Structures are given as C-alpha cells and as structure tokens.
Amino acid sequence: MHLPALATDLVYTPTNPAFGGSPLNGSHMLAAAQAQNPYRAPANSPLQNFNNALQQAILNRLSSMTLTTLFGTGSKMVPGTYETAAYMITVTENAGVLTITTTDKNTGAVVSFQVSATSIDYVGP
C-alpha cells in the first residue's frame, strides 16, 4: 500500500537586511557582531596623554618661533615668498585679504588659507 506524499515548496527568507531580510533584524545583528569582535582600541595611558600634549606644545612653540623669524616681532605679514628648509610660504594680498599658501618642498602638497580683517577662512588642499 502506498501513502501519498504531501509537501510544500521550501522558501528561503534571509535574515540579514543587507541581503533582503527584515530591517528589524539590523540592530540585533549589529549587536551580535560587536559582541563577537575581539578588537578593542587601546586606551591612552596618562603618560601617553602627557607625551601627546608635550609634542603639541613643542610644535606650537616652533610655529611661533618660525613666525617671529619670518615676520619679526610685530608679525606684520608682508606679501612675498618665504622659504624654510621644508616649506615655501607665499603671501599675497588682494583687496585687503591676505592669502597664505604653504607648499611642501618634498611632496609638492599645497595648503592655503585667507586672512581678512574680520575672519580667517581655510581654503585647504
């Protein structure tokens, strides 16, 4: 005696919202992935924080000394080209706005910003 076989189609439904699954699964899947991630960003020690602050202070001091060397104690920026060992600094004036362009002699990278009587605008690379 043969019994009839009953079956329905198998339907695959993805769970990941990136592949067509329900968007309601997104936060659960992200939380599960983050829980499994063993990487943790290293926390800076107080010594490392002090070292970072010291480096920033030294760079600020060097910047101030460079400005005094290039422009004098009055820091009046006169249009022209100024060169250091690593950089070429070009100062131009147009309608009361100074444009300061710094070129890295080694890489050729150029960064500039503008200074007017009322604001400083970063032009960027």
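Computed from a prediction, not measured in an experiment: that's the story for all the values here. Hydrogens, waters and symmetry mates are skipped; everything else that's a heavy atom, side chains included, is used. FYI, the numbering just counts along the sequence from 1.
Distance CG/Leu54 to CG/Asn49: 12.5 Å, rounded to 0.5 Å. Here the straight-line distance linking atom OG of Ser22 with atom CE of Met29 works out to 11.0 Å at 0.5 Å rounding. One finds the CG atom of Asp104 at 5.0 Å from the OH atom of Tyr87 (value rounded to the nearest 0.5 Å). For the atom pair CD1 (Ile100) and CD1 (Ile89), the distance works out to 9.5 Å, reported to the nearest 0.5 Å.
Linking ILVMFWY residues whenever their side-chain heavy atoms come closer than 4.5 Å, directly or via other members, leaves Phe113 and Met88 in distinct clusters. Both Phe50 and Ile58 belong to a common hydrophobic cluster when Ile, Leu, Val, Met, Phe, Trp and Tyr are linked at side-chain heavy-atom distances under 4.5 angstrom.
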| task | Show the numbers, then the answer: is there a side-chain contact (heavy atoms from CB on, under 4.5 Å) between Ser45 and Gln48? | result | CA-CA 5 Å; Ser45 68; Gln48 184 62 42; 3.7 Å; yes

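Checked by atom type, the side-chain pair Asn52/Gln56 shows no donor-acceptor distance below 3.5 Å.
What you find for Tyr39 and Pro42 is that their closest heavy atoms are OH-CD, 3.8 Å. When all heavy atoms of Gly20 and Pro14 are compared, the closest pair comes out as C-CG, 3.8 Å.
Remark: the backbone N or O of Lys105 is not paired with any side-chain donor or acceptor of Thr103 at under 3.5 angstrom. Counting only distance, with no hydrogens or angles, the side chain of Asn25 and the backbone of Thr15 share a donor-acceptor pair below 3.5 Å.
With Thr90 as the fixed residue, the side-chain contact (heavy atoms from CB on, under 4.5 Å) test singles out one of Val110, Thr102, Thr81: Thr81.
The environment of Asn94 atom CG is sparse: at most 12 non-hydrogen atoms of other residues, nucleotides or ligands sit within 6.0 angstrom.
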